[in-house]
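The structure under discussion appears below in the form of C-alpha cells.
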Amino acid sequence: MIQVTLDDGTVNEYVSGITAGEVVIDANGKKHGCVAAIVNGEQKDFSTQLTESCEVSGIDAFSDDGMHILRHSAAHLLAQAVMELYPDAKPTIGPAIDRGFYYDFAMEPIGESDLKTIEKKMNELSRKNLQVERIELTDEELQEHFVNNPYKLEIINDKLEDGDSSTIYKQGDWYDLCLGPHVPSTAKLMAVKLTSVSQAYWRGDQSREQLVRIYGIVEPDKHALKQTLSRMEEAKKRDHRKLGKDLQLFHVDEEVGQGLILWTPRGAVVRQELQDFISYHLRRQGYHQVFTPNIGKLDLYRTSGHFPYYQDSQYPPLVEKDLMKKLSDEGCSCGELSNMMKAGDIEGYLLKPMNCPHHVKIYSSQARSYRDLPLRLAEFGTVYRWEQSGEISGLTRVRGFTQDDAHLFVREDQIAEEVLGCIELVQVIFETLGMEDYRVRVGLRDPDSSKYVGSPEKWDAAEQACRDAASSLGVNWTEEEGEAAFYGPKIDFVVKDVIGREWQLGTVQVDYNLPERFGLEYKGSDGNTHRPVMIHRAPFGSMERFCGVLIEHFAGKFPTWLSPTQIHILTISEKHAQYANEIAALLKDNDVRVEIDAGDDTIGKKIRTHRKMQPAYMVIVGEGEIESRTVSLRARNGDQISGLSLDDFISSLKQEIQEKTSVPSLVPAKSD
RNA sequence: GCCAACGUAGCAUAGCUGGUAGUGCGUCGGAUUUGUAAUCCGACGGUCGGGGGUUCGAGUCCCUCCGUUGGCUCCA
C-alpha cells in the first residue's frame, strides 16, 4: 500500500501500482475535467503508475497547464489526421502555442479548403476514443521507429546528445516522438478547429526546407470553443484596417506605396488630438520641441553606425544628380555604387531611419555645461524604414511612421530620475485612455555575450536605474536577459486592450554608445569635460501604430475628445435646418467638431446612417426642441435624453472633452 | 524577402465545368417632410488589379508583375 496526499490535504491509501488517473477519479469523481496529473510537482500522464507514497493532483483542462497539454495533444491528433490523409507527408514538430497549436509537415502545399477535410478526420479520430499510450524506447528503437523521417531523426540525434529520455506517444496506429504528458484519450479533443495553413522553415531557418504549417485551436469542450470563436470574430470586427476604412480614418494607396499611410481628415483628427495631448505633457515635463528634416547625409548615419548596420532595412540612399551622371558616364555599376557608398567614397543622403543623429547635432551645436542637463529634445519625427514587404500591415507595420520621439542628454547621476519621468508620462496617458492593464519589460544584457559597448559598471548602474524605475510604479514588470540593445538596457511597454490582446508599444533605452560615437561632451562642475548619456524614448512607438491600437481598443468608439466628429446633428425634417445650423455654429464656437444632416431621410434612417461613423453623440432636433430651445441627445448604445437645455448641453459637453473622459457619459444609462 | 490563398463599380458581394457582368448599400435625380437602428421610384457607375499568352471566344485556364490577407524570417 502507498500513501497518496491529495491537493486538499487528505491522505488516502491505495495499492501500489494504481495509476495517477485512477487517483484523480477517486478524488474528484468521474467528471473531473482533468487532462493529466501532477505527481510530486511534476506533470504526468494519467497512465503513470504510482509505486511510492506521493502527492497527486489533477490538472484541470481549463487551467494554463491543462490548456497547454490539450493543445499539444491536439497537435498530435492533427498530425495523425494528416498522416491518414497524406501518407507521404512527414511530420516534423507540433507544439502548443499561446492561442492554440500548430504542426509543421514536409509535404506538398495544401490550401485552406483542405483544412475542413483534415478537421473532419480529426473529429473522426477523436470519436474513436483512442487511448494515448506512453512508451519508453531505447535509443536504437527510437531511431528505427523514425527511420523514414529525417526531421525526427535530426531531433532524436540532438536529444541523444542532451541525454533526454526517449519516449513516444502512440494513439491507434500512429505514434510521435514526444516527452508528454498528454491527454489519456483522443476523446478529450472533440472541440478542435483548424484556423489557417501557412508556411514555415524547418527549425526557423530561412536556408532550410519549407514546411507546411497548420494552425488550430482547441478547447476543453464545444461550448468553450464556441466562445473562443466568437471572441475571434469580435477581434476581427475591431480590426483597425477594417475600421480605418469604414470610419474613413486613413488610406493606403498602391500607387503611393506599400506601408505609406495617408491620413484622411477624420483620422488626422485622432492623431492630432493625441499628439497635442502628449505634447502638453511633454511641456510639463520640461521637454523642448524641435523640428528636423526628413533626410540627412550618409556620413551622419555612418557615424551613428546605423547606415552600415541596418542597410538592408533602409530606403536606398539618394545620390546627387551631377555625381550620379558622372558615375554613370564612367560606367559605374549598381554594385560598385553600393560598395562606394558603403566605403564612404561617395556621399549621398538618406531618408532618415531615426531621429537621434539630428538631435545629437542639436546637442552639439552649442557648448554644454552640467547646468544644461538634462536636455530633453522632443520631436514627432517621421522616419522611413524599408520593412520587408511581407511584414507590412495596416498601421502597425509600415514604411513611414512618426515616432513620438525624444532624446534626453543626461549626466550619469540623472539616468534613474529621467527614466522614471519617461515611465510616468506613459502612465498618465495610458490612464487617460483607459488602458490601465499594461506591463513593463526590462531588457538586460546577456552576461555571456561580449557584443555590448560601455563598461560593466555603467551597465550595472543603468540596469539598476531601469529596474528601480519599473518597480517604483506598481505595475507588473519582468526582467529579460539578453533583450537589451547593444548600447544599453531598455524598458518596453506592453499594453493589454479591452479584449485581452497585448500590444508592444514603445521603449525607453539608455545609450552610452551614440554620445561616444559623436564625441558629445559637457563641462562638469569640477571643471573637467564629461560625456553625457543619452536616453532614447518613444513610449508609444509611433503615432501610426498607437492610433491603430487605439482604434482596436475602442472598437472605433472613441472617447468624446478623440472622436473625429463629436456631434452629429440630425433634424426630424428639413424644416428644422435653421435651428440645427444655429446649434452647430454654437458648437463650433466652442471648438466642438460637428456635422449636420438636415436632409429628407426619416429620422430612423438618419440615425442608422450616422451610427456607422460613431460620433460620440447624436443631437436630434424637431419642433419640440425648437420651441423649448433644447436638444434631444442620443448615445452610441441607443440611450437618450430629451429636453436638455442648450446651455447645459454645451457646458457639460465641453467639460467631458476637457476632462478627456474615456467613455462618453452625458446620457445617463437607462435604469429599468 | 519566402510560402499559401485571394484581388469583380466608393463599400460589401453573385457569377458551377470558358460564351463578352448581376445584387445590396452609398452616390445623383424625382416624389415624400417624417420623432430615435432602412419611405418610395428612377438613373449613373465595372476595359472583372496591370501586362502577356492559350482559345473562334477568358472575370473564369496559363505565365508574369503589383497589391491584400495569413504565416515564416526580420524589426535601430
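Per chain, numbering begins at 1; letters A, B, ... match sequence-line order.
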Protein-nucleic acid N or O pairs under 3.5 Å, nucleotides 27-32 of chain B:
residue, atom, partner, partner atom, Å
B:A31, N6, A:D600, OD2, 3.4
B:U32, N3, A:D600, OD2, 3.0
B:U32, O4, A:D600, OD2, 2.4

Mapping A:G259 and A:A485 onto RNA chain B by nearest heavy atom, which one lands closer to the 5' end?
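The 5'-side residue here is A:G259.
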Mapping A:H536 and A:G604 to their closest nucleotides on RNA chain B, which lands nearer the 5' end?
A:G604
Any salt bridge linking A:R531 with A:E516? Criterion: basic side-chain nitrogen under 4.0 Å from a carboxylate oxygen.
yes
Check ion pair A:R213-A:D104 (N to O, under 4.0 angstrom):
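Salt bridge between A:R213 and A:D104, a charged N being under 4.0 Å from a carboxylate O: yes.
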Give the nucleotide from the list [options] with an atom nearest to the side chain of [X].
| X | options | result |
| --- | --- | --- |
| A:E254 | B:A37, B:G26, B:C66 | B:C66 |
| A:I603 | B:G1, B:U36, B:C72 | B:U36 |
| A:Q388 | B:C74, B:U36, B:A38 | B:C74 |
| A:Y310 | B:C72, B:A76, B:C74 | B:A76 |
| A:S196 | B:G70, B:U36, B:C72 | B:G70 |
| A:E623 | B:A76, B:G35, B:G1 | B:G35 |
| A:S393 | B:C72, B:U69, B:A76 | B:U69 |
| A:R611 | B:G26, B:A37, B:C25 | B:A37 |
| A:K575 | B:U33, B:C25, B:U36 | B:U33 |
| A:R385 | B:C72, B:A76, B:G26 | B:A76 |

Measure the distance from [atom1] on [X] to [atom2] on [N] and round it to the nearest whole Å.
| X | N | atom1 | atom2 | value |
| --- | --- | --- | --- | --- |
| A:Q509 | B:A76 | CD | P | 8 Å |
| A:H576 | B:U33 | NE2 | C1' | 9 Å |
| A:F101 | B:G71 | CZ | P | 15 Å |

Roughly how many Å apart are [M] and [N], using the [atom1] atom of each and rounding to a whole number?
| N | M | atom1 | result |
| --- | --- | --- | --- |
| B:G26 | B:U33 | C1' | 22 Å |
| B:G70 | B:U64 | C1' | 23 Å |
| B:A9 | B:A43 | C1' | 15 Å |
| B:G22 | B:C61 | C1' | 23 Å |
| B:G49 | B:A31 | P | 40 Å |
| B:G67 | B:C25 | P | 35 Å |
| B:G10 | B:C6 | P | 23 Å |
| B:C63 | B:C3 | P | 14 Å |

Does [N] have OP1 or OP2 sitting under 4.0 Å from an N or O in the side chain of [X]?
| X | N | value |
| --- | --- | --- |
| A:Y215 | B:C72 | yes |
| A:R634 | B:A37 | yes |
| A:Q258 | B:G67 | yes |
| A:K245 | B:U68 | no |
| A:R241 | B:G70 | yes |
| A:S198 | B:C3 | no |

Worked check of salt bridge (Lys or Arg N to Asp or Glu O under 4.0 Å) between A:D299 and A:K297
CA-CA 5 Å; A:D299 241 0; A:K297 280 188 177 176; over 6 Å; no
Hey, does the side chain of A:Q403 reach the backbone of A:M354 with a donor-acceptor pair shorter than 3.5 angstrom?
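Looks like no, no N/O pair under 3.5 Å.
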Test side-chain contact (heavy atoms from CB on, under 4.5 Å) applied to A:I567 and A:T560, A:V594, A:I583, the passing residue
A:V594
For the residue pair A:Y310 and A:H306, does the interplanar ring angle fall in the parallel (under 30°), tilted (30 to 60°) or perpendicular (over 60°) class?
parallel
Mind checking whether [X] and [Y] have ring centres under 6.0 Å apart?
| X | Y | answer |
| --- | --- | --- |
| A:F540 | A:F546 | yes |
| A:Y103 | A:F101 | no |
| A:Y363 | A:F409 | yes |

If a pair means Watson-Crick or G-U wobble with both distances below 3.5 Å, what does RNA chain B look like in dot-bracket form, with | marking bases paired to a different strand?
(((((((..((((.....[..)))).(((((.......))))).....(((((..]....))))))))))))....
Mind checking if A:G305 touches a base, just sugar-phosphate, or nothing, with heavy atoms under 4.0 Å?
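If one applies the 4.0 Å heavy-atom cut-off, A:G305 turns out to touch nothing in the nucleic acid.
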